Every structure is written in structure tokens, then in C-alpha cells.
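These numbers were taken from a predicted model, which means no experiment stands behind them. Just so we're on the same page: letters track the sequence lines, and every chain starts at 1.
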Amino acid sequence: MPELPEVEIRRQYLETSSLHQVIAHIEVEDKKLLTTEYSTLINTLTGRQFVGTHRVGKNLFVLTDAPDVIVHMHFGMTGDLDYYHASLDRPRFARIVFEFTNGFNLGFLCPRKFERVGLIDDIDAFLKRKKIGEDGLVISLEDLIRQIQPKKAFIKPVLLDQHVVAGLGNWIVDEVLFQAYIHPEQRANTLTAIQFDQLHKAIRLVLETAIRYEATYRDFPNSFLIHVREWDNSPYDDVEAHKFCPRCGTRIERSEVGGRTTFFCPKEQVV
DNA sequence: GGCGTTGTTCGACT
DNA sequence: TAGTCGAACAACGC
């Protein structure tokens with residue numbers, strides 16, 4: 001589930017695997033995954049090299065050796081990268097493959113085809129056009145308040161809005177609100193100064209923790225709510241153990257807020 | 001084999 | 001008008 005931390009991991013992966021290699025060809029299984037004409041993509045990138053990366057929220061930008069040629073990648077809900085030797089089988093769902101002249105390939109994995117790849121010529125202009133907010137890792141408390149304060153909606157959907165702050169997805173928002181002791185259905189314009197401070201700190205804590213553990217949920221501290229989601233290999237033998245608040249032991253509640261599944265502690269997160 | 005899931009976009013409503 | 005909200009989208013794992 002590529003939210004900010006997962007995209008950051010992919011950025012580091014691309015940075016350490018795929019820079020400074022000449023692109024020989026690009027295979028695209030489904031043109032719908034492209035936001036740029038296939039012929040333009042091929043003509044522009046063939047013979048070029050990736051030279052650097054940049055990330056804002058869930059958006060990954062790959063710089064090339066041409067200053068105004070930048071590849072934009074969005075991983076949708078399930079996208080991933082896989083760098084592999086051309087002699088090996090193409091990884092499952094590698095629907096876009098950058099083939100380098102050195103015999104290695106960078107596969108862009110798109111299991112559900114919600115992912116997108118395309119060319120842009122200016123990162124700032126792109127962010128402005130898409131109205132992407134400040135990245136969750138760098139936004140200041142003052143800017144966070146300025147973005148959230150005027151909104152009357154529930155705090156959870158506000159935090160999910162990439163225009164407000166970029167990079168938070170469904171589970172991260174639940175985790176952030178849990179760490180900040182804020183109910184997901186509290187109205188954004190009713191947050192107190194103390195709550196804004198807790199919220200700002202919680203965003204940092206959750207994002208930095210997720211990046212430190214390379215977004216491997218089972219390794220997260222036990223104080224995290226994420227374990228109730230029973231994703232991948234739970235660290236608990238007793239499946240019941242993580243259905244309770246790690247701080248107060250109250251049974252975690254599951255509901256729907258803004259159309260998304262939401263977990264929270266009904267005792268510590270009150271409206 | 002039907003349902004749940006994920007992020008973004010778009011249309012409808014206030 | 002702009003803000004808010006919910007449905008739709010694709011396709012997989014369970």
C-alpha cells in the first residue's frame with residue numbers, strides 16, 4: 001500500500017539500483033498506464049540515463065540527464081519496483097519495463113493498473129498544477145494549522161486529502177490520529193492548539209517510524225495501532241491480542257469514515 | 001466466487 | 001463559488 005513511507009523506500013531502491021545506466025528500450029504492456037504518449041516516451045527516453053530522484057508525498061520523480069526530462073511515477077494502491085537481470089523471467093505484473101543497455105531491467109509492477117508513469121518537464125509546475133500540498137515529513141506546524149483550520153469536514157478525510165498535506169493514506173491517518181489522541185470524526189475546525197501540536201508530532205513520528213522499519217508493519221513498535229489490521233505476519237501468536245488498544249487495553253473499534261475502513265480507540269480518541 | 005481493499009478523480013449536492 | 005462527500009474505477013487476494 002504505497003503511502004509516503006513506501007514511496008520513499010521505492011525512491012531509495014531506484015536510487016541505489018537504476019541510476020547512470022543507458023536506457024535502450026521501454027516495454028509497455030498497457031498504454032493506459034501512461035500519462036504520456038508511448039511514442040513520445042520512447043523517443044524522449046531512449047539513450048537517456050536516470051541521474052537522481054525526488055519525492056513529494058506519494059509522487060516519485062526520476063531525473064534524467066536531460067534537465068527538462070523528468071519521469072513521474074505514481075504507485076497507486078499496489079505499485080512496486082523490481083530491478084532484475086534481463087536473463088531472468090519478467091516479474092509478475094511488470095507491465096512497464098525500462099531496459100538498460102547493461103543487461104538489467106527496471107520493472108514497474110502494476111498488479112491493479114491503478115499506477116501511472118509519464119513525462120513532465122518541471123516538478124514545481126507539476127505540483128502546482130496538481131495542487132499537491134506540502135510533504136508530510138517537512139510541513140511546519142504553522143502550515144499544517146493553516147491548511148486544516150478552515151475545513152469543516154471530519155479530520156480523517158481532511159488528512160487524506162493530498163492538497164492539505166501530501167503522503168498520508170488510510171492506515172497512516174488512523175495511526176496518526178491514534179498517536180495524537182484525536183477521534184477521526186472530530187471536525188477539523190474544532191481542533192485545539194494542543195491537538196494541532198500532537199497531530200504535527202504524530203505525523204512525524206508515524207512517517208519516520210514507517211521509513212525506519214522500511215514499511216514492514218510487523219516490525220513496528222507495539223505501541224502502534226497498525227497491528228490491529230492483521231496484515232502480513234503478525235508478531236503475535238494470539239490473534240486476539242492485537243485487537244485491543246496497546247495503551248489502555250480497550251477493544252479497538254472498527255467503523256467507516258469518509259468511505260474508508262477506520263480503526264480507533266473509543267476510550268482515548270473521543271470527539 | 002463474492003467481497004474487501006487501496007488512492008485518485010469526478011460528479012453531485014450544499 | 002467553493003467546499004464537501006460519496007461513488008466509481010481495476011483487479012487482485014482471501
Going through the distances and angles, do A:Leu177 and A:Leu159 end up as a side-chain contact (heavy atoms from CB on, under 4.5 Å)? CA-CA 10 Å; A:Leu177 292 173; A:Leu159 289 173; 3.8 Å; yes

Could you go through the side-chain contact (heavy atoms from CB on, under 4.5 Å) check for A:Ile42 and A:Tyr38 one step at a time? CA-CA 6 Å; A:Ile42 291 289; A:Tyr38 177 64; 3.5 Å; yes

A:Thr190 and A:Gln186: CA distance, side-chain angles, deciding distance, side-chain hydrogen bond (donor to acceptor under 3.5 Å, both in side chains) verdict: CA-CA 7 Å; A:Thr190 68; A:Gln186 181 170 348; 3.2 Å; yes

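For the pair A:Lys58 NZ and B:dT6 C1', the computed distance is 9 Å after rounding to whole Å. One can place CD of A:Gln147 at 15 Å from C1' of C:dA2, the figure rounded to the nearest angstrom. Between A:Trp171 atom CH2 and B:dT5 atom P there is a gap of 17 Å when expressed in whole angstrom units. When the P atom of B:dT6 is taken as reference, atom CG of A:Leu4 falls 17 Å away, rounded to whole Å. Here B:dG7 presents its C1' atom at 12 Å from NE2 of A:His72, a figure rounded to the nearest Å. Here B:dT5 presents its P atom at 19 Å from CD of A:Glu115, a figure rounded to the nearest Å.
In this model, the phosphate group of B:dT8 is approached by a side-chain N or O of A:Gln162 to a distance below 4.0 Å at OP1 or OP2. Between A:Thr261 and B:dT5 there is a side-chain polar atom (N or O) within less than 4.0 angstrom of OP1 or OP2. The phosphate of B:dG7 (OP1 or OP2) has no side-chain N or O of A:His74 nearer than 4.0 angstrom.
Bending across the helix from B:dG2-C:dC14 to B:dT14-C:dA2, expressed as the angle between its end axes from five pairs apiece, amounts to 40° (10° rounding).
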Atom pairs, protein N/O to nucleotides 11-14 of chain B N/O, distance under 3.5 Å:
none

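Counting only residues at least two apart or in different chains, side chain to side chain donor-acceptor pair (under 3.5 Å) contacts with residues 107-131 of chain A comprise A:Asp30-A:Lys113, A:Thr78-A:Glu115. Sorted by first then second residue, the salt bridge (Lys or Arg N to Asp or Glu O under 4.0 Å) pairs that include residues 136-145 of chain A, not counting sequence neighbours, are A:Asp143-A:Arg146. Annotation: salt bridge (Lys or Arg N to Asp or Glu O under 4.0 Å) contacts involving residues 85-107 of chain A, sequence neighbours excluded, comprise A:Glu29-A:Arg90, A:Glu29-A:Arg95. For residues 39-56 of chain A, the pairs satisfying salt bridge (Lys or Arg N to Asp or Glu O under 4.0 Å) are A:Glu8-A:Arg55, A:Arg48-A:Asp65, A:Arg55-A:Asp135, with sequence neighbours left out. Screening residues 187-210 of chain A for salt bridge (Lys or Arg N to Asp or Glu O under 4.0 Å), with sequence neighbours left out, gives A:Asp197-A:Lys201. Counting only residues at least two apart or on different chains, the side chain to side chain donor-acceptor pair (under 3.5 Å) pairs with a member in residues 260-271 of chain A are A:Lys156-A:Thr262, A:Arg247-A:Glu268.
For DNA chain C, no neighbouring residue in residues 116-145 of chain A is found when judged by any heavy atom under 4.0 Å.
Taking A:Arg254 as the reference, nothing meets the salt bridge (Lys or Arg N to Asp or Glu O under 4.0 Å) condition, with sequence neighbours excluded.
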Would you list the atom pairs, donor with acceptor, under 3.5 Å between side chains in residues 68-75 of chain A and any protein atom, with sequence neighbours excluded?
unit_1, atom_1, unit_2, atom_2, d
A:His72, NE2, A:Asn59, OD1, 2.8
A:His74, ND1, A:Gly76, N, 2.9

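At a threshold of 4.0 Å, the pair A:Arg11-A:Glu15 counts as salt-bridged, since one of the basic side-chain nitrogens sits closer than that to a carboxylate oxygen.
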Indicate for each nucleotide in nucleotides 4-14 of chain C, in 5' to 3' sequence, whether protein heavy atoms under 4.0 Å reach the base (B), only the sugar-phosphate (S), or nothing (-). SS---BBBBS-

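When each of A:Phe61, A:Tyr83, A:Phe98 is checked for a ring-ring contact (aromatic ring centres under 6.0 Å, His included) with A:Phe50, only A:Phe98 meets the rule.
One hydrophobic cluster holds both A:Phe100 and A:Val117 under the rule that ILVMFWY side chains link at heavy-atom gaps under 4.5 Å.
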